[in-house]
Amino acid sequence: MLGRVFGKRAARLEWTDIFVYSLGALIVGVVIVGSIMTIQKGTYGARQWFDLVLFGLTLGSIYSLIALGYTLVYGILRMINFAHSEVFMSGPYAAYYLAISLAASGLVAENPALALLMIIGFAMIVSTLIAITVERLAYRPLRHAPTLVPLITAIGASFVLQYTFRGFFGPAIKVYPEFPILEQKIILGEFQVTSLQIFVIVIAALMMLGLHLFVQYTKVGKAMRAVAEDRETAALMGINVNRIIVTTFALGGALAGAAGVLFILVFNQVTFYMGFYPGVKAFTAAVLGGIGNIPGAMLGGIFLGVIESLGPNLILDGLGIPAPNQLKDALAFVMLVLVLILRPAGILGERLTEKKA
Amino acid sequence: MTTQPSWTATLRLGLIGGIVTLYLILVGMVEAFSHRDIIGGVIDMGRVLVFVSFYLTGYFALRRLHSAETNPRELIGRTALAGLANAALVVALLIFFTLVPGVRAIFVSASPALVGLLTFGQGIVFGSVLILLIGAALGASVGALQNVPAYWRTSLITAIFWTIIIGILQELLVITFRNSVGFLTSLLFASTGLSLIGTILVFTVVFTGAYVNARRGDEFRARFQELPTTKQQWITRGIFVFLILLLLSLPMVLGLFFSEVLVNVGLFVLMGLGLNIVVGFAGLLDLGYVAFFAIGAYVTALLTTTSTEIVFAGGWPFWAALPVAIAASAIGGALLGIPVLKIRGDYLAIVTLGFGEIIRLLFLSDFLKPWFGGSRGIELIPKPFIGSFELEGPQQLYYLILAGCLIVAFISLRLKSSRIGRAWVAMREDEDVAGAMGIHLVRTKLMAFAMGAMFAGIGGAIFASKLAIIYPHSFKLDTSINVLALIIIGGMGSIPGVIVGALALVGLPEIFREFADFRLLIYGIVLVLMMLVRPQGLWPEARRKLELEEIKEPEAGAVGK
């Protein structure tokens with residue numbers, strides 16, 4: 001990016017570019033100064049840092065799973081599926097009812113692994129169904145409409161889903177039953193890991209591995225890549241584009257449903273509006289990694305999770321800002337804005353500011 | 001000849017209608033609306049909602065048919081079938097609710113009260129039969145009405161529509177007009193909803209009016225056309241003056257409550273006109289628009305407040321703070337615009353959403369609490385004065401908002417066809433081509449952001465002094481979506497559309513309190529349905545209407561982009 005500015009377009013360096021880059025430099029400067037000051041102050045020991053990084057990895061692997069949904073859909077349709085955050089919410093929301101009935105029947109106590117798998121599986125099914133329904137009812141009729149039209153529809157669909165869940169199941173916050181198996185602590189020398197964190201990271205890694213294998217080595221995965229490359233040519237090659245699009249939404253939905261349950265296992269509460277922040281952050285993660293790029297989304301998610309977990313303590317604390325954790329969402333948004341402005345192609349790269357069509 | 005859709009297709013349509021009805025029931029609308037009577041003790045709004053669904057199913061079934069070629073009996077039979085299928089699903093739901101009482105633990109609206117409501121308190125067996133009969137009858141009525149002359153049909157539907165509306169408004173109308181025309185309100189209305197006499201009266205009056213209009217309206221319009229031009233001008237001018245006088249006298253006529261509603265509508269008109277410049281004219285989808293509203297409100301609050309908890313409390317009068325607030329919003333708009341100059345479409349939406357949230361989170365944080373008051377916000381904001389006259393309540397503030405709206409609408413109107421306005425439209429259509437034609441993209445974009453932000457800033461300033469206290473919670477994403485929804489329902493780029501949209505999306509929910517819970521649900525539905533069915537909006541801008549028609553036509557043949 002910098003090379004582009006100073007090389008090919010050096011002659012057209014405008015005052016707005018200078019403004020943007022100095023803004024970026026200012027933020028990066030604040031980050032560096034804040035980090036140095038925090039480390040010098042030495043409020044946190046190695047153990048706290050380890051905990052923060054581990055929490056960041058846990059959160060980040062969840063963001064990665066959601067980000068994959070954005071990236072898959074964007075890769076094929078060149079549209080941001082704004083309703084994806086509600087797809088993420090709907091699975092664990094519906095699975096809550098399964099979870100409490102399983103807890104009541106005693107299965108959670110007897111065979112927690114089976115219970116957890118059932119809950120995750122159910123959430124994946126519900127999220128998949130919701131994702132497919134939204135695609136069928138709201139997006140498919142608008143496939144050839146001007147860009148803003150599907151985006152506005154997606155925003156509308158997102159609100160419809162949120163308030164449908166609120167209307168159907170009530171506005172109260174719902175709390176998942178407890179899983180004692182996930183609360184065990186594993187001591188590694190000075191550090192300590194909970195079984196929940198291992199569970200989340202392992203499940204997320206398995207899902208991502210599964211997706212990778214699916215996309216790379218199955219016939220449908222190959223077709224998906226072909227459609228992402230060039231929809232018309234793929235259609236001419238005999239690929240049923242509509243079916244591939246539905247498959248993509250289904251895959252993204254399934255991953256989001258699983259991510260939703262993992263998210264609830266970490267934070268315990270289900271609400272109809274819980275999708276918004278994780279959704280926007282996962283989108284940031286997708287952009288961070290280069291949208292449309294599958295390994296990029298995984299990487300971006302982990303990166304964002306760690307930043308969000310470390311950032312407030314590392315950067316803001318040193319600057320003497322009170323209650324830095326209040327600003328962790330703001331930090332994620334600053335990351336988003338910064339990435340889109342300074343490196344819109346993301347870490348692993350994908351052209352996106354220019355129209356690809 | 002085109003073939004008729006099969007009877008199964010009609011049945012399927014009825015079942016889709018039934019799913020819609022079930023949705024309305026499960027999401028809680030029917031129950032929530034049932035607390036408002038339309039005709040006292042006879043029928044409430046919740047049931048009317050279900051009945052409207054039955055009727056509309058019949059209507060859509062009819063539209064699929066080639067009614068001119070179908071014999072009247074088949075028409076009635078088919079629409080009745082659609083209504084019956086719709087009602088059958090409702091009955092199935094009711095039986096399910098009665099047989100499986102545990103379902104209430106999942107669906108909060110599955111209460112015995114709801115079952116009682118839908119079965120008219122007649123018990124599940126008799127009630128179900130009743131619903132099926134009503135469904136079939138309402139469906140059949142569509143087919144039957146097809147056989148009467150059109151003027152009859154429209155007059156009848158208009159009369160029913162207005163009877164329902166006036167019934168819903170009972171409470172407000174009674175409060176507003178009790179003191180001026182008390183004899184009329186006590187005649188028309190029962191303690192809830194219309195009285196029986198009132199129903200008959202309203203129905204007859206509206207029916208007669210609509211009937212006369214349908215039969216003789218053309219005649220009157222033709223006679224108006226025949227008048228000499230000067231006379232026509234006088235009549236239109238008279239209507240114009242009458243409208244102005246009406247606008248000026250509204251708060252006095254309508255009283256406190258409606259003035260409050262109008263003030264809120266006005267605030268959204270201001271924001272809508274601003275966002276209309278950014279989204280409608282320039283085609284830049286801004287989801288963090290509420291940030292500029294917030295900047296306007298916070299600057300006004302800071303400069304005028306007399307609170308001692310804020311470090312920098314100005315204690316200025318409103319009129320001194322207003323220009324500063326407007327300037328601050330405009331500068332904020334331009335500053336936020338610079339980084340996003342090169343970002344397009346979807347990404348712009350997300351970045352602006354991010355900006356909006358950052359601004360709100362900063363206002364909310366403990367970090368900036370000494371300056372902005374954190375989650376407690378800023379208190380003790382004085383009201384505006386004109387001389388020594390305080391604009392204390394909504395009835396006075398109305399004039400301030402009205403003046404603001406008129407000025408902003410006038411500016412928008414002039415901007416639209418000005419050089420910069422045309423540059424915006426060119427940029428909306430194709431940025432690269434616009435740039436190649438010599439439009440200065442940076443300046444044009446920043447102008448759009450600054451102008452839009454400025455209008456929102458005016459709204460924010462008035463908002464702050466109206467409420468006398470502001471919190472960060474008033475400036476959530478929901479407000480941005482609300483403004484977006486209203487310009488989309490009105491028609492992007494259309495100035496009268498903004499006013500229509502604000503009246504529909506802000507005014508209606510305030511008048512029907514039962515809507516409040518479903519407000520965002522309805523906005524979502526509006527956004528989706530408008531995009532699917534009528535992307536040009538209710539009151540479209542002429543140019544955009546043409547574009548959308550152009551896009552639709554070649555779609556069938558063109559495979560490429």
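Quick note on labels: first sequence line is chain A, next is B, and so on, each numbered from 1.
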Quiz item: Roughly how far apart are B/Ile350 CD1 and A/Ile80 CD1, rounded to 0.5 Å?
Solution: 4.5 Å
Self-check item: Residue A/Ile100 versus chain B: region with a heavy atom under 4.5 Å
Solution: neither
Quiz item: Counting only heavy atoms not in A/Arg140, do more than 12 fall under 6.0 Å of its CZ?
Solution: yes
Practice problem: Would you mind checking which part of B/Ile488 comes under 4.5 Å of any heavy atom in chain A, side chain (CB onward), backbone (N, CA, C, O), both or neither? | Solution: side chain
Exercise. Would you mind checking which part of B/Leu477 comes under 4.5 Å of any heavy atom in chain A, side chain (CB onward), backbone (N, CA, C, O), both or neither?
Key: side chain
Exercise. Working to the nearest 0.5 Å, report the span between CZ of A/Phe283 and CG of B/Leu353.
Key: 10.0 Å
Quiz item: Is it the backbone or the side chain of B/Val528 that comes under 4.5 Å from a heavy atom of chain A, or both, or neither?
Solution: both
Exercise. Step by step, work out the side chain to side chain contact (heavy atoms under 4.5 Å, CB included) result for B/Ile106 and A/Phe168.
Key: CA-CA 8 Å; B/Ile106 296 179; A/Phe168 277 15; over 6 Å; no
Quiz item: For B/Tyr471, does the OH atom sit with more than 12 other heavy atoms under 6.0 Å from it, leaving out its own atoms?
Solution: no
Quiz item: Of the backbone (N, CA, C, O) and the side chain (C-beta and beyond), which part of B/Arg519 lies under 4.5 Å from a heavy atom of chain A, both, or neither?
Solution: neither
Self-check item: A/Phe169 and B/Phe107: CA distance, side-chain angles, deciding distance, ring-ring contact (aromatic ring centres under 6.0 Å, His included) verdict
Solution: CA-CA 5 Å; A/Phe169 307 113; B/Phe107 292 107; 5.5 Å; yes
Practice problem: Quick one: which of B/Leu520, B/Ile358, B/Leu361 has the most heavy-atom pairs under 4.5 Å with chain A, could you say? | Solution: B/Leu520
Quiz item: Yes or no on side chain to side chain contact (heavy atoms under 4.5 Å, CB included) for A/Phe159 and B/Leu521, after CA distance, side-chain angles and deciding distance?
Solution: CA-CA 6 Å; A/Phe159 274 80; B/Leu521 176 68; over 6 Å; no
Quiz item: Which answer fits B/Phe518, side chain, backbone, both or neither, if we ask what part of it has an atom under 4.5 Å from a heavy atom of chain A?
Solution: neither
Exercise. Check each atom of B/Leu341 against the heavy atoms of chain A and say whether the ones under 4.5 Å are side chain, backbone, both or neither.
Key: side chain
Quiz item: Rounded to the nearest 0.5 Å, how far apart are OH of A/Tyr163 and CD1 of B/Ile525?
Solution: 13.0 Å
Quiz prompt | Heavy-atom contact with chain A under 4.5 Å, split by part of B/Leu446 | solution = side chain
Exercise. Could you tell me which portion of A/Tyr277 (side chain, backbone, both or neither) has an atom closer than 4.5 angstrom to a non-hydrogen atom of chain B?
Key: side chain
Practice problem: Measure B/Ala105 against the heavy atoms of chain A and call it side chain, backbone, both or neither at under 4.5 Å. | Solution: backbone
Quiz item: With only heavy atoms counted, which part of B/Leu287 is less than 4.5 Å from chain A, the side chain, the backbone, both or neither?
Solution: side chain
Quiz item: Where on A/Phe165 is there a heavy atom nearer than 4.5 Å to chain B: the side chain, the backbone, both, or neither?
Solution: neither
Practice problem: Go through the atoms of B/Leu335 and report whether side chain, backbone, both or neither lie under 4.5 Å from a heavy atom of chain A. | Solution: both
Which pairs of donor and acceptor atoms, one on a side chain in residues 151-158 of chain A, lie under 3.5 Å apart (sequence neighbours left out)?
residue, atom, partner, partner atom, Å
A/Thr153, OG1, A/Val149, O, 2.7
A/Ser158, OG, A/Glu86, OE1, 2.7

Practice problem: Just give me the residue among B/Tyr23, B/Phe355, B/Tyr523 that pairs up with chain A most often, heavy atom to heavy atom, under 4.5 Å. | Solution: B/Tyr23
